[in-house]
Student: 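One structure is given below, represented as structure tokens, and several questions about it will come after.
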Amino acid sequence: MKKVMVAAASLLFSAVCFANNTDSIPVNQQDVVSVDAIIKSVYTVISGPAGEKRNWDRFRTLFVPEALMIATGKWPNGTYYRRSMTVEDYISASGPFLEKSGFFENEIGRKTEQYGNIVQVFSTYESRKAKEEESPFMRGINSIQLWYDGRRWWVINILWQSENEESPIPEKYIGNQ
């Protein structure tokens with residue numbers, strides 16, 4: 001009984017501490033009101049023309065503090081890689097490139113699974129350097145894990161892989177079939 005009480009107290013303490021984790025950057029409630037809203041917000045923040053600063057403070061408000069962003073792929077020598085980044089790592093590593101070169105990422109398909117307060121989304125994307133470019137220079141799938149805390153949605157993690165000749169995007173992940 002004592003172990004159960006200690007475990008319950010620990011969980012309650014963790015939940016209270018996490019729920020009270022406040023940031024100095026206020027969240028725009030419209031960004032986190034639904035699964036659609038938070039995914040749209042992620043794509044909106046990272047997208048913009050060359051020379052335009054991104055609103056990284058807004059980006060930070062979408063993620064739990066310990067969130068990871070994980071890029072995966074295959075090196076030219078045939079070995080596979082993954083690169084795990086915190087949100088701050090992503091901003092530092094990708095932010096300058098996105099702002100310098102221009103980058104527009106649009107969702108072209110989505111598959112969603114939900115159980116209670118957790119959601120797994122396969123969000124298929126196309127990337128362009130300018131909004132008006134006819135063809136994307138890259139496509140892929142973002143695997144996005146979301147959590148609803150009773151008040152708002154949070155991004156827990158984003159894991160992604162770009163499309164390549166070995167791994168073309170299956171039709172079932174394009175559109176909302």
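Computed from a predicted structure; not experimentally measured. These values consider heavy atoms only, across backbone and side chains, with no hydrogens, waters or symmetry-generated copies.
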Student: Is there a path of hydrophobic side-chain contacts, each under 4.5 Å between heavy atoms, that joins V32 and I156?
Tutor: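 Result: no, two separate clusters.
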Student: Can you find a side-chain donor-acceptor pair between T79 and N77 that sits under 3.5 Å?
Tutor: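 Yes, because at least one side-chain N or O of T79 sits under 3.5 Å from a partner of the opposite role on N77.
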Student: Search all heavy atoms of R152 against all heavy atoms of T61 and return the closest pair with its distance.
Tutor: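 Taking every non-hydrogen atom into account, NH2-O, 2.7 Å.
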Student: Would you give the length of the straight line joining atom CD of E134 to atom CD of E132, rounded to the nearest 0.5 angstrom?
Tutor: 12.0 Å
Student: When you compare the side chains of S41 and D31, does any donor N or O come within less than 3.5 Å of an acceptor on the partner?
Tutor: yes
Student: Just by distance, do the side chain of N117 and the backbone of Y148 share a donor-acceptor pair under 3.5 Å?
Tutor: yes
Student: Could you verify whether a donor N or O on one side chain and an acceptor N or O on the other, from D89 and T86, lie under 3.5 Å apart?
Tutor: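 Yes.
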Student: Are side-chain heavy atoms of I46 and F59 found at a separation under 4.5 Å?
Tutor: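 Sidechains of F59 and I46: in contact.
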Student: Quick check: do M85 and L68 have side-chain heavy atoms less than 4.5 Å from each other?
Tutor: no
Student: Measure the spacing between CG of L98 and CH2 of W56 and express it to the nearest 0.5 Å.
Tutor: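 If we round to the nearest 0.5 Å, L98:CG and W56:CH2 are 5.0 Å apart.
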Student: Using atom types as modelled and distance alone, determine if a side-chain donor or acceptor of T124 lies under 3.5 Å from a backbone N or O of Y173.
Tutor: yes
Student: Can you hop from F97 to Y43 via hydrophobic side chains spaced under 4.5 Å?
Tutor: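 Yes; tracing contacts between hydrophobic side chains, which count when under 4.5 Å, links both residues.
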Student: If hydrophobic clusters are built by linking Ile, Leu, Val, Met, Phe, Trp and Tyr wherever their side-chain heavy atoms come under 4.5 Å apart, do Y90 and Y125 end up in the same one?
Tutor: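 Yes.
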Student: Are any non-hydrogen side-chain atoms of I25 and R60 less than 4.5 angstrom apart?
Tutor: yes
Student: Restricting to non-hydrogen atoms, name the atom on E99 and the atom on R54 that form the minimum distance, rounded to 0.1 Å.
Tutor: OE2-N, 3.0 Å
Student: To the nearest 0.5 Å, what is the distance between CZ (F104) and OG1 (T44)?
Tutor: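 Interatomic distance, F104 CZ to T44 OG1, rounded to 0.5 Å: 10.5 Å.
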Student: If you take all heavy atoms of I169 and E163, which pair is closest and at what distance?
Tutor: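 The pair with the smallest heavy-atom distance is N-OE2, 2.8 Å.
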Student: Do I118 and V155 sit in one hydrophobic cluster, given that two such residues count as connected whenever their side-chain heavy atoms are within less than 4.5 Å of each other, even indirectly?
Tutor: no
Student: Would a 4.5 Å heavy-atom cut-off, applied to side chains only, mark Q29 and R151 as touching?
Tutor: no
Student: To the nearest 0.5 Å, tell me how far K40 NZ sits from E107 CD.
Tutor: 11.0 Å
Student: For residues S34 and A37, report the shortest heavy-atom separation together with the two atoms involved.
Tutor: OG-N, 3.0 Å
Student: Do the side chains of D149 and W154 get nearer than 4.5 Å, heavy atoms only?
Tutor: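 With C-beta onward as the side chain, the pair touches.
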Student: Does a donor on one side chain sit under 3.5 Å from an acceptor on the other, for S143 and Q145?
Tutor: yes
Student: Under 3.5 Å, is there a donor-acceptor pair between the side chain of K111 and the main chain of K172?
Tutor: yes
Student: With the side chain counted from C-beta on, respond yes when Q161 and S167 share a heavy-atom pair under 4.5 Å apart, and no when they do not.
Tutor: yes
Student: Using the rule that two of Ile, Leu, Val, Met, Phe, Trp, Tyr join whenever any of their side-chain heavy atoms come within less than 4.5 Å, decide whether V121 and W147 are in one cluster.
Tutor: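 Shared cluster, no.
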Student: Under the 3.5 angstrom rule, does the side chain of S47 hit a backbone N or O of E105 as a donor-acceptor pair?
Tutor: yes
Student: Between E133 and K129 (side chain of the first, backbone of the second, donor and acceptor by atom type, cut-off under 3.5 Å), is there such a pair?
Tutor: yes
Student: So, for I39 and S123, which heavy atoms are closest and what is the spacing to 0.1 Å?
Tutor: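 Answer, listing the atom of I39 first, then S123: CG2-OG, 4.4 Å.
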Student: What's the spacing between S94 OG and M69 CE if we round to 0.5 Å?
Tutor: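 Going from the OG atom of S94 to the CE atom of M69 covers 7.5 Å.
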Student: Where do S101 and A50 come nearest, in terms of heavy atoms and distance?
Tutor: C-CB, 3.8 Å
Student: Taking the side chain as every heavy atom from C-beta outward, state whether V42 and I158 have any atom pair closer than 4.5 Å.
Tutor: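 Yes; the side chains approach each other to less than 4.5 Å.
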Student: Is atom OH of Y115 surrounded by more than 12 heavy atoms (other residues, nucleotides or ligands) closer than 6.0 Å?
Tutor: no
Student: State, yes or no, whether a side-chain contact exists between I174 and R139 at a heavy-atom distance under 4.5 Å.
Tutor: yes
Student: How long is the straight-line distance from OG of S84 back to CG of L159, given to the nearest 0.5 Å?
Tutor: 8.5 Å
Student: Could you walk me through whether W153 and V119 pass the side chain to side chain contact (heavy atoms under 4.5 Å, CB included) test, one step at a time?
Tutor: CA-CA 10 Å; W153 286 96; V119 171; 3.5 Å; yes
Student: So, R128 and E126, do they make that salt bridge, N to O below 4.0 Å?
Tutor: yes
